[in-house]
Amino acid sequence: MASAGGAGFGGLADLEAAAGRKANPAAWAYVQGGAGDESSLRANRRAFDRWTLRPRALADIAVIDPTTSLLGTSVTAPFYVAPTAYHGELDRAGEVGTARAAAAAGVLAMFSTLSTRSLEEIGAAVPRGPRWFQIYLQPDFRATRRLVERAEAAGFGALVLTVDLPVLANRDRQAEGGFAFDGTTPMGNGPDLVLPPRGPVRDGLLFRIPGAEAYTWRVLDDLRSITRLPVVVKGILTDEDARRSVDCGARAVVVSNHGGRQLDGAPAGLDVLPEVVAEVGSRAEVYLDGGVRRGRDILIALGLGARAVGLGRPILWGLAAGGEAGVSRVIELLRMELATVMALSGRARVDAIDRTLVAAAPSTE
Ligand code: FNR
Ligand code: LAC
């Protein structure tokens, strides 16, 4: 039986179950749910089954090295903590616990604009931990600018602009659970933050999306004019938008359907990863998130050209199950699994995980 404190945990499925028992039901429905009929949420896991691995035997695997670098920052693993909102709903330490676990492991962590702890508190907790700040654009660019300046001052190393949430999707599970973006959740970055709109607002026969004026490609120029931090665009699902992002100065893109929480019917990121890598892979780093749960998944994504993969819900399971120690446990589980599958596939280093490792699975239909 899983217990808080780290050592008692089994695998990721045990942690998920323990988290589900401990978390309050509204927060749990918020974490686990997706948009619409949750077809994109399911697609994220299924996408990995369309690939198989081509192991090489008798390679020199005496020393497995899973370290890499992301935009020049050294990290101990090719996976990172994806930005997720409201860690304080799952554990009292909130993002500070997550940050400490990631920093202790030497893993990159991205923190959401919608954190329960402030970016200054996060920065103070892990002065040396690699951390990037995820931006939800504010309707007034001056407010976005203040967030960017605070992130710079607090030692965040890059800005991750999320572009797939100009308005919240219909999320039935979240709504049934009673979790709402209504300002009742504490906002670590200040009470003035404008939350993403909960839906279109009726205006006669039309529907307005409040704040959507901020979401144009021009914002990438605007961001680059106020900061020297590299900009990463998160939420890309086409080669066209990947190219546009990089043409507008993005140093990396995250191929993602937001964990199946935004446009239901969007493909799994993994399904479009190859076309994005083909389009911009020589000019920018490409990351992938959505449904990554196993060392195998990391091999497939890296084999298809991702430089790293993001973990969303698994980190939140760790946090809910055991706070900082729970997050450490999730990171260690995945790191150990990754080292194991690297050995089994004959790939001792991250740069040996290439396209020759993956092949299309025989059709099961
Ligand atoms: C998210 N995600 C997210 N993304 C983002 O850019 N800013 C945010 O504030 C949030 N908030 C958030 C909350 C919760 C509860 C979840 C589950 C997800 C999306 C996240 O960064 C990532 O894209 C997905 O979570 C990846 O999919 P998996 O790993 O959850 O399957
Ligand atoms: C979510 C937002 C906040 O997915 O990114 O809930």
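The structure displayed is predicted, hence computed values, not measured ones. Counting starts at 1 for both ligands and their atoms, following the listed order.
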Measure from NZ or CZ of Arg173 to the centre of the six-membered ring of Phe179 and say whether it is under 6.0 Å with the direction within 45° of the ring axis. no
NZ/NE/NH1/NH2 to OD/OE distance under 4.0 Å, Asp271 and Arg46: no
What is the ring orientation for Phe133 with Phe156, classed by angle as parallel under 30°, tilted 30 to 60°, or perpendicular over 60°? perpendicular
Specify whether Tyr30 and Phe181 have parallel, tilted or perpendicular ring planes, treating 30° as the upper limit for parallel and 60° as the lower limit for perpendicular. perpendicular
Would you indicate whether the side-chain heavy atoms of [Y] and [X] approach each other to under 4.5 Å?
X: Val232; Y: Leu71; value: yes
X: Val292; Y: Phe79; value: no
X: Leu165; Y: Lys234; value: no
X: Leu193; Y: Leu195; value: no

Does any N/O atom on [X] come nearer than 3.5 Å to any N/O atom on ligand 1?
X: Gly291; value: yes
X: Thr162; value: yes
X: Pro83; value: yes
X: Arg261; value: no
X: Asn44; value: no
X: Ala85; value: yes
X: Gly312; value: yes
X: Ser112; value: yes

Atom indices of ligand 2, in the order listed, that fall short of 4.0 Å to a heavy atom of [X]:
X: Leu114; result: 3 (C)
X: Arg261; result: 1 (C), 4 (O), 6 (O)
X: Leu165; result: 2 (C), 5 (O)

Under 4.0 Å, heavy-atom basis, I'd like to know which part of [X] is in contact with ligand 2: side chain, backbone, both or neither.
X: Arg171; answer: side chain
X: Leu168; answer: neither
X: Tyr86; answer: neither

Ligand 2 contacted by Gln262 (non-hydrogen, < 4.0 Å): no
Non-hydrogen atom of Phe181 closer than 4.0 Å to ligand 2: yes
Counting only N and O atoms by type, is there a donor-acceptor contact under 3.5 Å from the side chain of Asp203 to the main-chain atoms of Leu206? no
For [atom], what is the closest protein heavy atom, and at what distance to 0.1 Å?
atom: atom 8 (C) of ligand 1; answer: Tyr136 OH, 3.4 Å
atom: atom 5 (O) of ligand 2; answer: Tyr136 OH, 2.6 Å
atom: atom 4 (N) of ligand 1; answer: Lys234 NZ, 3.0 Å
atom: atom 6 (O) of ligand 2; answer: Tyr30 OH, 2.6 Å
atom: atom 1 (C) of ligand 1; answer: Thr84 CG2, 3.6 Å

Joint hydrophobic cluster, Leu288 plus Val253, side-chain heavy atoms closer than 4.5 Å: yes
Would you check, one step at a time, whether the test side-chain contact (heavy atoms from CB on, under 4.5 Å) holds for Ser118 with Arg150? CA-CA 10 Å; Ser118 69; Arg150 288 173 60 189; 4.2 Å; yes
Would you name the heavy atoms of Ile61 and Arg347 that are closest together and state the gap between them? CG2-N, 4.3 Å
